[in-house]
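What follows is a short report on a single structure.
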Amino acid sequence: MTTREVAGFELRKVREHVWELPREGDMNVPARVLASESLLEEIGGDDTLEQLRNATHLPGIAAPALCMPDGHQGYGFPVGGVGAIDAENGCISPGAVGYDINCGVRMVRTDLTYDDVRGREEELVDALFEAIPSGLGGGGVIGGTADAIEGALERGVEWAVEEGYGVESDLARCEDEGRRLDARPEYVSQKAMDRGRNQMGSLGSGNHFLEVQRVTDVFREDVAAEYGLREDGIVVLIHCGSRGLGHQTCNDYLRRIEREHGDLLDDLPDKELAAAPAGSELAEEYYGAMGACINFAWANRQLITHQARETFGEVFDADPIDDLGMELLYDVAHNIAKKETHEIGVDADGNPAVGDAVADREERELYVHRKGATRAFPAGNADVPEVYRGVGQPVIIPGSMGAGSYVLRGGDESMSVSFGSTAHGAGRLMSRTQAKQEFWGGDVQDDLEDGQQIYVKAESGATIAEEAPGVYKDIDEVIRVSDDLGIGDKVARTFPVCNIKG
DNA sequence: ATGTAC
């Protein structure tokens with residue numbers, strides 16, 4: 001048996017790209033890292049492994065706590081973490097969802113080719129930057145009236161399309177059709193709504209961006225054709241979340257858990273893993289509030305999509321849908337928890353088990369926490385929209401602004417390996433603070449333009465430094481692991497053309 | 001990630 005010591009943790013190699021931290025002490029289950037040796041080494045460079053081990057202490061966790069190949073340290077629970085927790089006897093943890101509830105990515109395809117855009121990058125990047133609010137604080141594309149915010153929280157993309165910010169076909173091309181039916185806006189605080197009010201249709205800051213890209217490689221022709229992708233085609237990628245509204249909601253519930261469920265908290269190795277016991281009033285309220293924030297984030301990405309379509313229409317003097325073919329390819333959430341039914345291994349007593357201890361497999365309703373992890377359901381799954389059910393759901397994974405991104409399809413192994421999940425990005429290699437010491441925004445911007453013809457426009461130079469290509473892991477290596485494991489299969493690779501950010 | 005402040 002191969003073992004490897006990383007950052008003081010002894011990991012057992014289960015098979016290629018699967019590393020296990022065996023159960024010991026108060027761990028309820030083992031932990032597993034899905035990574036190549038080089039990525040594993042990078043994952044050991046911060047507190048990810050300790051956070052992953054801590055996550056195995058969560059009550060009711062029903063299978064190994066998982067770290068995707070792009071994992072890095074987060075608040076309590078690692079980014080790139082997947083935690084499947086019994087929805088009846090376990091718990092739900094806001095820290096295992098993340099502060100930016102339904103941070104996610106969508107891709108819009110077009111009929112344009114790189115030749116159509118070449119030489120017009122600056123015009124396009126300026127127009128997009130003008131049309132789409134970005135940066136910290138307020139200012140959205142629409143005013144947040146009481147009706148608008150209520151509609152977004154309750155009905156997500158459905159509300160936005162009804163208001164004219166999209167087309168009917170957008171709905172089917174979102175996870176959950178862009179609307180969580182179990183959203184309960186009444187459990188979102190007034191303070192959270194006030195923060196979201198002026199941010200409806202805004203990118204935000206940090207790693208959030210809108211990027212025009214060109215398809216450089218197609219790996220699976222048949223699937224790419226189903227997704228409407230072809231080599232040299234132009235696509236638009238939008239990465240953002242629920243802004244101050246989701247952030248405030250996460251904060252509100254973390255504070256309430258501290259006040260109302262201190263006992264559960266005292267048993268956990270890290271206070272930041274704060275969780276509400278399944279079945280408690282607080283768990284129900286958090287789940288409903290989280291669903292409303294999820295809807296808000298979807299409406300936000302829909303409003304930004306609308307602005308991008310309008311802008312392309314003006315720049316290319318054409319109808320964005322009829323002439324430019326700007327249809328939504330897909331929208332994926334990567335900071336969420338969701339009740340899903342999965343098969344888990346159980347021992348003779350019906351308790352969660354792995355390896356030799358597995359006596360049987362049983363279906364359980366679980367809170368699947370995906371924090372910096374993307375749902376990757378395979379072909380045939382009933383939750384994959386009908387248009388894609390034959391090939392598997394699209395999985396959109398952004399890399400850094402200097403490296404490009406990938407479109408994958410949910411792989412056949414994802415249900416048995418990772419509760420139907422894969423990576424969500426390249427994953428950070430260094431902190432924002434360190435990034436600002438290593439890079440200067442203006443220099444990064446000049447290098448991208450002069451060296452790679454990538455046009456970047458941002459509200460703040462500091463953000464460009466924080467997001468410099470050098471602060472990220474190798475996206476190709478992350479994707480190689482996903483593809484090798486069969487949890488998310490390579491369909492196409494893209495390369496940046498222009499990028500706007502906070 | 002984030003009105004970068006309890």
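Proteins get letters first, then strands, A, B, ... in listed order; numbering begins at 1 in each.
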At under 4.0 Å between heavy atoms, what does [X] touch on the DNA or RNA strands: base, sugar-phosphate, or nothing?
{"X": "A/Glu466", "answer": "nothing"}
{"X": "A/Ser205", "answer": "sugar-phosphate"}
{"X": "A/Gly206", "answer": "sugar-phosphate"}
{"X": "A/Lys191", "answer": "base"}

Problem set entry | Residue whose closest nucleotide on DNA chain B lies nearer the 5' end, A/Arg432 versus A/Arg255 |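 On the 5' side of the pair lies A/Arg432.
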
Rounded to whole Å, how long is the line connecting atom [atom1] of [X] with atom [atom2] of [N]?
{"X": "A/Ile101", "N": "B/dT2", "atom1": "CD1", "atom2": "P", "result": "12 Å"}
{"X": "A/Gln248", "N": "B/dT2", "atom1": "CD", "atom2": "C1'", "result": "10 Å"}
{"X": "A/Phe296", "N": "B/dT2", "atom1": "CZ", "atom2": "C1'", "result": "14 Å"}
{"X": "A/Tyr99", "N": "B/dT2", "atom1": "OH", "atom2": "P", "result": "13 Å"}
{"X": "A/Tyr253", "N": "B/dT2", "atom1": "OH", "atom2": "C1'", "result": "19 Å"}
{"X": "A/Asn251", "N": "B/dC6", "atom1": "CG", "atom2": "C1'", "result": "11 Å"}
{"X": "A/Leu254", "N": "B/dT2", "atom1": "CG", "atom2": "C1'", "result": "13 Å"}
{"X": "A/His247", "N": "B/dA5", "atom1": "NE2", "atom2": "C1'", "result": "12 Å"}

Problem set entry | Selection residues 52-81 of chain A - residue pairs positive for side-chain hydrogen bond (donor to acceptor under 3.5 Å, both in side chains), sequence neighbours left out |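 Of all non-adjacent pairs touching residues 52-81 of chain A, those that pass side-chain hydrogen bond (donor to acceptor under 3.5 Å, both in side chains) are A/Asp70-A/His424.
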
Problem set entry | Neighbour count above 12 (heavy atom, 6.0 Å) for A/Glu186 CD |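 Yes, because the 6.0 Å sphere around CD of A/Glu186 holds more than 12 heavy atoms from other groups.
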
Exercise. Would a line drawn from the ring center of A/Tyr187 to the ring center of A/Tyr287 be shorter than 6.0 Å?
Worked result: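 Distance test on ring centres: not under 6.0 Å, no.
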
Exercise. Is there a side-chain contact between A/Phe377 and A/Glu340, using heavy atoms and a 4.5 Å cut-off?
Worked result: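 Yes - at least one pair of side-chain heavy atoms lies under 4.5 Å apart.
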
